[in-house]
Visitor: 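Before I ask anything, let me first share the structure, which is written out below as structure tokens.
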Amino acid sequence: VLGFTSGQNDMGTAGQWLEGQTYTIDVYANDTSSHTTHEQYNVTVDDTAPTVNLITATSGYWNDSTPSLVFNYTDNLDSTVICSLQINSSYYGTNSSTADGTSTTITANTTLSDGSYSWNVLCTDGAGNYNNISAGRRTFIIDTTAPVLISNETDETSYNIGDNAKINTKWTDQYVTSGNNITCYLY
């Protein structure tokens with residue numbers, strides 16, 4: 001027999017239970033020999049997923065093959081939840097005690113090769129609710145390879161101090177596309 005000690009005489013349906021409310025449930029059991037037992041459980045209704053806020057820049061080029069990505073979350077009931085870093089469709093690290101509203105960093109636990117990636121963080125609360133991992137994804141490109149000089153031409157073979165030199169260089173880089181620049185420095 002199940003019943004509420006809070007004055008209600010039946011459990012009703014879960015749809016009638018209020019979000020965020022804690023209910024006390026009494027469980028009674030007896031056998032054919034008239035042995036009885038009684039247990040009491042507190043149940044809190046939670047069907048709201050944590051909300052995740054990605055903090056690390058929206059996009060960019062990184063020369064670190066184990067990126068550290070920053071986020072925070074809020075939850076209606078839990079002060080700590082489990083959060084996992086998802087890059088493309090694989091998980092690359094988990095923080096099992098992420099604090100609500102606190103900037104948290106998860107560093108990829110495996111080296112990533114050069115390339116384009118999308119990322120998000122999946123947070124799961126104590127009731128098993130989790131955020132939509134497909135919404136709000138961000139992208140980044142890992143580029144650990146330096147540009148390659150293709151040609152270097154000058155208009156003269158020697159210059160005097162104070163002369164202006166015209167130098168034409170051509171570079172290639174697998175991730176520099178039209179509209180992006182390579183910055184060169186003369187020393």
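For this chain, numbers begin at 1 and follow the sequence in order. Heavy atoms only: backbone and side chains are in, while hydrogens, waters and symmetry mates are out.
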Visitor: Checking the side chain of Arg138 only, and the main-chain atoms of Leu54 only, is there a donor and an acceptor separated by less than 3.5 Å?
Guide: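 Yes; judged by distance alone, with no hydrogens or angles, the pair exists.
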Visitor: Could you tell me whether a side-chain N or O of Asn160 sits under 3.5 Å from a main-chain N or O of Gly162, the two making a donor and an acceptor?
Guide: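 It does not hold such a pair.
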Visitor: I need the minimum non-hydrogen distance between Ala49 and Asp75, along with the two atoms involved.
Guide: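 Scanning both residues completely, I find the closest heavy atoms to be C-OD1, 4.0 Å.
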Visitor: When you measure from the side chain of Asn30 to the backbone N and O of Ser34, does any donor-acceptor pair fall under 3.5 Å?
Guide: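 No; judged by distance alone, with no hydrogens or angles, the pair does not exist.
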Visitor: Sub-3.5 Å donor-acceptor pair from the side chain of Asp114 to the main-chain atoms of Thr144, do we have one?
Guide: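 Yes; at least one donor-acceptor contact below 3.5 Å.
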Visitor: Can you confirm whether Tyr130 is buried at OH, in the sense that more than 12 heavy atoms of other residues, nucleotides or ligands lie under 6.0 Å from that atom?
Guide: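 Incorrect, the count does not exceed 12.
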Visitor: What's the shortest heavy-atom distance between Ser68 and Thr105, and which atoms?
Guide: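 Nearest heavy atoms, Ser68 then Thr105: CB-CG2, 3.6 Å.
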Visitor: Does the Arg137 side chain pair with the main chain of Asn88, one donor and one acceptor, at a distance under 3.5 Å?
Guide: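 Here the side-chain-to-backbone pair exists.
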Visitor: Identify the heavy atoms of Ser96 and Ile82 that sit nearest to each other, and give their distance.
Guide: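 Scanning both residues, the minimum pair turns out to be O-CG1, 3.7 Å.
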Visitor: Below 4.5 Å, heavy atoms only, C-beta onward: do Phe71 and Asn95 meet side chain to side chain?
Guide: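 Not in contact.
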Visitor: Check for a donor-acceptor pair, side chain of Asp64 on one end and backbone N or O of Thr66 on the other, with a separation under 3.5 Å.
Guide: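 Yes, because the side chain of Asp64 sits within donor-acceptor range (under 3.5 Å) of the backbone of Thr66.
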Visitor: For Thr94 and Ser84, work out which heavy atoms get closest and say how close.
Guide: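 Answer, listing the atom of Thr94 first, then Ser84: OG1-OG, 2.9 Å.
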Visitor: Can you check side-chain contact (heavy atoms from CB on, under 4.5 Å) on Val27 and Tyr41, steps first, answer last?
Guide: CA-CA 8 Å; Val27 179; Tyr41 301 94; 3.8 Å; yes
Visitor: Distance-only, no hydrogens or angles: does the Asp78 side chain make a donor-acceptor pair with backbone N or O of Asp125 under 3.5 Å?
Guide: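 No: the side chain of Asp78 does not pair with the backbone of Asp125.
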Visitor: Tyr73 vs Val81, test: side-chain contact (heavy atoms from CB on, under 4.5 Å). Steps then yes/no.
Guide: CA-CA 9 Å; Tyr73 84 93; Val81 300; 3.4 Å; yes
Visitor: Looking only at heavy atoms, which two atoms of Trp119 and Thr139 are closest? And how far apart?
Guide: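 For Trp119 versus Thr139, the nearest heavy atoms are CD1-N, 4.3 Å.
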Visitor: Could you check Leu69 against Tyr92 for side-chain contact (heavy atoms from CB on, under 4.5 Å), going step by step and ending with a plain yes or no?
Guide: CA-CA 11 Å; Leu69 301 160; Tyr92 282 87; over 6 Å; no
Visitor: What I'd like to find out is whether the side chain of Val45 reaches to under 4.5 Å of the side chain of Gln21, using heavy atoms alone.
Guide: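 They are not in side-chain contact.
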Visitor: What distance separates Tyr61 OH from Ser116 OG, expressed to the nearest 0.5 Å?
Guide: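 Interatomic distance, Tyr61 OH to Ser116 OG, rounded to 0.5 Å: 8.5 Å.
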Visitor: If the test is side chain to side chain contact (heavy atoms under 4.5 Å, CB included), which one of Asp100, Ile55, Thr104 qualifies with Asn72?
Guide: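 Result: among Asp100, Ile55, Thr104, Ile55 is the only option passing the side chain to side chain contact (heavy atoms under 4.5 Å, CB included) with Asn72.
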Visitor: Do Ile142 and Pro67 come close enough that some side-chain heavy atom pair is under 4.5 Å?
Guide: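 Yes, close enough: below the 4.5 Å cut-off.
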Visitor: Testing the 3.5 Å rule here: is there a donor-acceptor pair between the side chains of Thr24 and Asn42?
Guide: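 Looking only at side-chain atoms, Asn42 and Thr24 do form a donor-acceptor pair, the distance falling under 3.5 Å.
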Visitor: With heavy-atom distances below 4.5 Å as the criterion, would you say the side chains of Thr51 and Asn131 are in contact?
Guide: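 No, too far: nothing below the 4.5 Å cut-off.
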